[in-house]
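The first residue in the sequence is number 1, and the count goes up from there. Every heavy atom of this structure was used, including side-chain atoms; hydrogens, water molecules and symmetry mates were not.
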Amino acid sequence: MTGVLRGYMAGAIPYRTLLVELPEADVEIARMPDSAEDMLLMDLRLRRSVEEEDRPALMEDVRRLAARHPDDRLAALTLAYAETRFGDTGEARRLLAPYVGEGQEDPLALLRLAQAALAEAEGPDDEPLDEDQRTTLMNEARGYLARAYQADPADFRIYLAIADTRDGQPGYPNDNDIQTMRMAALLAPQVMSVRYRTAQILMTRGHHAEAMMQLGPVANSPHGGDMRDAARTMLEEARAALYAEVAAEDD
């Protein structure tokens, strides 16, 4: 059968083979922690949108599972993320403290700590923080993110958090903000929300053709949903703006 297939391809389907010398990669095999079975899927679940009425039960599940694995990094970081999103940021900070001390550059723990500071900077709806408190927390988050970036410059989530510290600030978005989101999209092109957010910021600065490239996969997502619909609307807006620019140049 293999011979028949090769004969068919040689006669009916022209193709070329590129010979590329690839360097031998260093491979390191590490054993997953015992907590992985409980916490990996929970971590993925926490990254998704959670309805408000479902949050207490989710927090109970995370706390119960994390309690099975005391002094375990994955369990602690997963629980800290849940506490930041739906529980107590003070508890999140306590859980993260052993992984971000002097000489410890755990990029994910630093990211989670920055997210806790950002959550605190938002303040409760019924008691907003004053500007000095908010500035202090935002600067704290930026410090953690700078360390996280140095430890792992290839984690797109760090770039998103850096963008979060800038959103709403005077002059936003500037060239650095745009480059931050470009890097996030470059590192995680498969994440539709990153593409959509990158397109949004590109549109604000008139980079319509580039925004269209980011929006294409989102607008054609087979999963549907509100983001796909919004991406299609934005894609039409970008296309219309680009055509208007071309027409103006022709005039």
Side-chain angles (χ1 to χ4, degrees), residues 13 15-16 18 40-55 58 78 81-82 84-86 107-108 111-112 114-115 118-119 122 141 145 148-149 152-251:
I13 304 177
Y15 69 94
R16 295 177 181 176
L18 297 178
L40 283 180
L41 290 180
M42 182 59 74
D43 179 71
L44 292 175
R45 184 179 173 190
L46 287 166
R47 299 183 198 185
R48 304 181 65 84
S49 177
V50 180
E51 296 294 336
E52 188 169 356
E53 61 269 21
D54 297 329
R55 294 172 186 176
L58 177 58
T78 303
Y81 186 44
T84 293
R85 290 198 65 191
F86 311 125
L108 183 54
L111 171 62
R112 296 300 186 221
Q115 289 168 332
L118 286 170
E122 292 298 317
L145 290 171
Y149 170 80
D152 185 5
D155 188 336
F156 76 96
R157 295 170 297 180
I158 296 172
Y159 293 86
L160 293 180
I162 292 171
D164 288 339
T165 68
R166 282 283 303 148
D167 195 357
Q169 298 298 306
Y172 179 85
N174 60 26
D175 291 343
N176 285 339
D177 299 324
I178 290 177
Q179 191 60 23
T180 296
M181 288 307 303
R182 282 173 173 156
M183 283 301 302
L186 179 66
L187 291 168
Q190 77 282 7
V191 181
M192 296 297 102
S193 60
V194 174
R195 281 184 169 273
Y196 182 81
R197 183 173 171 182
T198 303
Q200 284 181 308
I201 198 172
L202 289 168
M203 289 281 287
T204 65
R205 293 292 298 274
H207 299 292
H208 300 115
E210 189 179 353
M212 291 171 65
M213 293 176 62
Q214 293 292 346
L215 287 168
V218 189
N220 292 285
S221 171
H223 303 294
D226 293 340
M227 186 183 297
R228 185 186 70 175
D229 296 339
R232 289 179 175 180
T233 299
M234 194 188 304
L235 187 59
E236 290 302 317
E237 293 172 355
R239 185 176 290 113
L242 186 60
Y243 287 161
E245 291 173 4
V246 172
E249 291 175 2
D250 291 342
D251 291 342

Ignoring hydrogens, what is the shortest heavy-atom contact between [X] and [Y]? Give both atom names and the distance.
| X | Y | value |
| --- | --- | --- |
| Ala230 | Tyr196 | CB-OH, 3.4 Å |
| Ala163 | Tyr172 | O-CE1, 4.3 Å |
| Leu111 | Ala161 | CD1-CB, 3.7 Å |
| Ile158 | Ala148 | CD1-O, 3.5 Å |
| Gly216 | Asn220 | O-ND2, 2.8 Å |
| Met203 | Ala238 | SD-CB, 3.5 Å |

Verify the neighbour count for atom [atom1] of [X]: are there more than 12 heavy atoms of other residues, nucleotides or ligands below 6.0 Å?
| X | atom1 | value |
| --- | --- | --- |
| Leu40 | CG | yes |
| Phe86 | CZ | yes |
| Tyr243 | OH | no |

ask   = Which residue pairs pass the side-chain hydrogen bond (donor to acceptor under 3.5 Å, both in side chains) test when at least one of the two sits in residues 177-194, sequence neighbours left out?
value =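 Every side-chain hydrogen bond (donor to acceptor under 3.5 Å, both in side chains) pair that includes a residue of residues 177-194, provided the two are not neighbours, is Arg166-Asp177, Gln179-Arg182, Arg182-Glu210.
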Partner of Leu202 under side-chain contact (heavy atoms from CB on, under 4.5 Å), chosen from His208, His207, Met212 =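 Result: among His208, His207, Met212, His207 is the only option passing the side-chain contact (heavy atoms from CB on, under 4.5 Å) with Leu202.
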Does any N or O in the side chain of [X] come within less than 3.5 Å of the main-chain N or O of [Y], such that one atom is a donor and the other an acceptor?
| X | Y | result |
| --- | --- | --- |
| Arg195 | Ala185 | no |
| Tyr159 | Pro153 | yes |
| Asp54 | Val50 | no |
| Arg205 | Pro173 | yes |
| Thr165 | Ile162 | yes |

inquiry  = If the threshold is 4.0 Å, N to carboxylate O, is there a salt bridge linking Arg112 and Asp43?
reply    =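 Salt bridge between Arg112 and Asp43, a charged N being under 4.0 Å from a carboxylate O: yes.
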ask   = Does a donor on one side chain sit under 3.5 Å from an acceptor on the other, for Arg197 and Gln200?
value =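 Arg197 vs Gln200: no donor-acceptor pair found between side chains.
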Would you compute the distance between atom [atom1] of [X] and atom [atom2] of [Y] and round it to the nearest 0.5 angstrom?
| X | Y | atom1 | atom2 | result |
| --- | --- | --- | --- | --- |
| Thr78 | Arg47 | OG1 | CZ | 8.5 Å |
| Asp155 | Leu108 | CG | CG | 7.0 Å |
| Met192 | Met227 | CE | CE | 9.0 Å |
| Arg157 | Leu160 | CZ | CG | 9.5 Å |

query = For residues 211-237, which residue pairs qualify under salt bridge (charged side-chain N to carboxylate O under 4.0 Å, His left out), counting only residues two or more places apart or in two chains?
reply =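 Of all non-adjacent pairs touching residues 211-237, those that pass salt bridge (charged side-chain N to carboxylate O under 4.0 Å, His left out) are Glu236-Arg239.
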task = Check step by step if side chain to side chain contact (heavy atoms under 4.5 Å, CB included) holds for Leu58 and Met42.
result = CA-CA 9 Å; Leu58 177 58; Met42 182 59 74; 3.6 Å; yes
